[in-house]
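Comments concern the structure below.
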Amino acid sequence: MNTPIAYRAFVSAPEDLLLQNTDLWDGLSGGVPFRQTTWLRAWWNQYGKDQATCFITVVDQEDRVCGILPLCRLGRRGWTLIAAGHACSDHVSILSREDDQDGVAEAIARFLVNHATDSELGWNRLAFDGVVAGDPGMRKLSQHLTDLQSVCRIQTRMSVWFKACEKDWATHLQHSSRRTRNRLRMMVDQFDKPDSTFTVRFADDEKSVKESLDVLIRLHQSHWQAKGESGSYATAGMVEMIHEAAIDALHRGTLFLPRLVQLDPTTSAETILATQLHFIGDDQRLYCFSTGVNYDYSDLSPGTMLNNYLLYHAHEHGYAGIDFMRGDEAYKARLKAQPNPVLLIELFPPTLSGKMACTLYDNVLSLKQKVRQRRGTSVVATPTIEEAFAEHYRQHLPRTGFTVSDSDPEGDIGIIDLQTICPQWMQAANEAQLESTADDREELDDDSGPVILPITMPLTDSSFNNIGN
């Protein structure tokens with residue numbers, strides 16, 4: 001942009017944005033499913049209604065909405081992004097078009113600092129979990145907050161892993177070792193045989209979606225509960241959320257729900273060996289949110305079989321690649337997927353309570369590091385803003401800018417006149433003077449064991465009582 005634009009930020013109601021303006025919201029999402037309304041409204045219906053929220057909305061000098069930061073309360077005086085935490089949303093960021101990001105981030109940062117001591121909107125801690133290293137929007141927001149004397153602390157957790165598709169399947173085979181190349185060719189031939197007992201089916205209606213999800217959840221839960229873990233779908237709310245999001249994605253054409261099936265040659269009965277839940281990004285990247293493997297058939301390596309077939313399918317159907325999302329399971333490295341660190345970003349305002357919260361954070365982290373050293377485990381990595389958002393991380397991030405639909409050739413979706421969609425916003429903002437002047441993934445079968453990488457957990461309020469655990 002050659003002409004400077006003045007941005008203003010204020011708080012708007014979730015109902016006015018998330019629930020009633022799908023085109024506006026999704027037009028600012030950068031095409032990432034976990035920033036879009038399919039995912040976030042399903043979360044809202046299960047978890048968000050009873051939470052205190054702060055949807056910071058940014059408009060330009062023409063009162064057009066060009067940025068959103070949707071927050072919900074974390075503890076008594078903290079904020080976090082909606083659908084973070086237990087929902088395991090990755091690639092979270094501010095919602096804004098790339099050209100507007102810097103101005104939007106500055107407006108949000110000024111609004112947050114200006115209201116840090118507010119009785120209702122105030123905060124002493126921001127916790128952004130699920131940020132992927134290199135994300136330009138979160139870098140700008142973090143930098144603008146530190147420019148305003150806030151303190152930023154970053155921890156690296158596990159990684160997200162992206163396997164990009166080659167030009168075509170033949171090129172993919174050429175770049176594989178001879179042993180892998182032969183194995184993949186045999187796999188494709190096995191599926192193509194008329195008398196093959198293996199096939200991959202894709203859920204394409206509400207009935208098959210529900211059936212596939214029920215199997216995925218059952219397999220996922222049985223695997224993790226056998227390890228003494230609760231599993232991602234231990235609560236009815238999470239089960240309802242994933243069903244709602246999947247059905248909505250089905251109707252929008254953004255659901256990818258394959259299942260590997262073995263056929264009984266005598267009875268034609270089908271046994272589901274493995275299944276995966278993907279959401280399709282606007283750049284045609286497949287995001288693998290959850291998987292389920294039938295370990296009664298582990299001798300067949302069903303997870304590996306399905307992964308390899310899906311890579312073949314992705315190449316044949318023009319997908320950009322598969323994002324296996326967070327988790328450092330060994331199969332992702334064996335598939336030669338590229339890792340990008342997942343970040344937990346914590347920010348503390350330049351207020352007395354913010355400085356006290358930061359001091360507590362530093363003391364707890366220091367104690368944790370000493371405990372880890374005594375135990376001989378890896379200490380937590382704590383990169384700077386420059387290190388966490390280094391340019392080389394950006395090459396594996398989702399491609400953004402896919403916000404123009406066929407029905408919107410002028411590219412206006414996502415930049416909507418505020419007075420048109422909700423004129424009372426400006427009146428309420430003016431009256432309240434809220435404006436600012438510039439303001440676990442399920443692992444697939446794994447023959448070689450897990451990759452051992454340093455992993456850290458976020459410091460939630462309860463973490464202070466579990467130092468060293």
Side-chain angles (χ1 to χ4, degrees), residues 25-40 83 87-98 130-138 158-169 171-172 175 200 202-203 242 245-246 248-250 252-258 275-291 306-329 331-333 335-343 392-405 414 441-442 444:
W25 190 288
D26 291 345
L28 299 174
S29 70
V32 179
F34 303 101
R35 302 176 197 167
Q36 294 179 329
T37 52
T38 289
W39 183 253
L40 296 177
C88 292
S89 301
D90 289 336
H91 295 284
V92 299
S93 186
I94 62 174
L95 303 177
S96 173
R97 289 190 175 187
E98 189 171 357
V131 178
V132 177
D135 181 85
M138 292 307 293
M158 55 197 78
S159 298
V160 296
W161 296 73
F162 179 61
K163 176 61 178 176
C165 285
E166 306 275 4
K167 180 178 67 174
D168 51 36
W169 182 244
T171 304
H172 175 79
H175 292 166
V200 175
F202 297 88
I242 210 66
D248 190 34
L250 170 72
R252 296 193 189 195
T254 58
L255 180 69
F256 186 80
L257 184 52
T275 182
Q276 298 182 3
L277 170 63
H278 299 244
F279 296 94
I280 306 173
D282 289 4
D283 64 348
Q284 294 301 294
R285 177 183 295 220
L286 298 173
Y287 292 82
C288 183
F289 177 76
S290 188
T291 69
L306 182 57
N307 266 333
N308 286 327
Y309 180 84
L310 292 182
L311 278 175
Y312 165 73
H313 181 91
H315 279 85
E316 291 295 293
H317 289 79
Y319 289 104
I322 301 177
D323 191 322
F324 292 99
M325 300 185 64
R326 73 172 73 181
D328 292 319
E329 295 84 5
Y331 75 87
K332 299 175 183 179
L335 290 170
K336 294 183 171 56
Q338 298 299 312
N340 250 27
V342 176
L343 308 175
H392 67 269
Y393 288 127
R394 297 188 63 178
Q395 61 181 312
H396 302 303
L397 293 177
R399 293 176 58 201
T400 60
F402 295 85
T403 56
V404 180
S405 70
R441 228 40 98 206
E442 162 80 5
L444 299 185

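What you see below is based on every heavy atom in this structure, not just the backbone, and it leaves out hydrogens, waters and symmetry mates. Note that this is a predicted model, so its numbers are computed, not measured.
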*Would you indicate whether the side-chain heavy atoms of Pro136 and Glu98 approach each other to under 4.5 Å?*
no

*Residues in side-chain contact (heavy atoms from CB on, under 4.5 Å) contact with Pro398, at least two apart in sequence or another chain*: Val32, His91, Asp283, Arg285, Tyr287

_Over all atoms of both residues, closest heavy-atom pair of Ile94 and Gly137_ = CD1-O, 3.8 Å

_Smallest separation among heavy atoms of Phe34 and Met325, with atom names_ = CE1-CE, 3.4 Å

*What are the two closest non-hydrogen atoms of Arg394 and Gly134, and how far apart are they?*
CG-O, 3.3 Å

*Output all residues satisfying side-chain contact (heavy atoms from CB on, under 4.5 Å) with Asn308, sequence neighbours left out; order by chain, then residue number.*
Arg183, Leu184, Met187, Thr304, Leu335

*Measuring from Asn307:CG to Lys332:NZ, what's the distance to the nearest 0.5 Å?*
9.5 Å

*Do Thr171 and Asp168 have side-chain atoms, one donor and one acceptor, less than 3.5 Å apart?*
yes

*Can you list the residues that meet the side chain to side chain donor-acceptor pair (under 3.5 Å) rule with Asp135, with sequence neighbours excluded?*
Arg35, Ser93

*asked:* Could you work out, with ring pair (Phe, Tyr, Trp, His ring centres under 6.0 Å) as the rule, every residue matching Tyr393, not counting sequence neighbours?
replied: none

*asked:* Side chains of Leu95 and Trp25, heavy atoms from C-beta outward: is any pair under 4.5 Å?
replied: yes

*Listed partners of Gln284 passing side chain to side chain donor-acceptor pair (under 3.5 Å), at least two apart*: none

_Taking side-chain contact (heavy atoms from CB on, under 4.5 Å) as the definition, give me every residue that meets it alongside Ala203, ordered by chain and number, with sequence neighbours left out._
Ser208, Val209, Ser212, Leu257, Arg259

*Side chains of Leu286 and Ile280: closer than 4.5 Å at any heavy-atom pair?*
yes

*Who are the ring pair (Phe, Tyr, Trp, His ring centres under 6.0 Å) partners of His172, not counting sequence neighbours?*
Trp169, His315

*Set of side chain to side chain donor-acceptor pair (under 3.5 Å) partners for Thr254, sequence neighbours left out*: none

*With His317 via ring pair (Phe, Tyr, Trp, His ring centres under 6.0 Å) - residues at least two apart*: His313

*Can you list the residues that meet the side chain to side chain donor-acceptor pair (under 3.5 Å) rule with His175, with sequence neighbours excluded?*
Glu166

*Roughly how far, to the nearest 0.5 Å, is the SG atom of Cys288 from the CZ atom of Arg326?*
13.5 Å

_Can a donor-acceptor pair be found, under 3.5 Å and without considering hydrogens, that links the side chain of Trp161 to the backbone of Gly327?_
yes

*Report the C-alpha separation of His396 and Val160 in whole Å, then their side-chain angles, then the decisive distance to 0.1 Å, and conclude whether the side-chain contact (heavy atoms from CB on, under 4.5 Å) test is met.*
CA-CA 10 Å; His396 302 303; Val160 296; over 6 Å; no

*Heavy-atom check, side chain of Pro258 versus side chain of His278, under 4.5 Å*: yes

*Side-chain heavy atoms of Arg252 within contact of Thr37, under 4.5 Å*: yes

*Atom pair CG (Leu28) and CD (Gln36), whose distance is rounded to the nearest 0.5 Å*: 11.0 Å

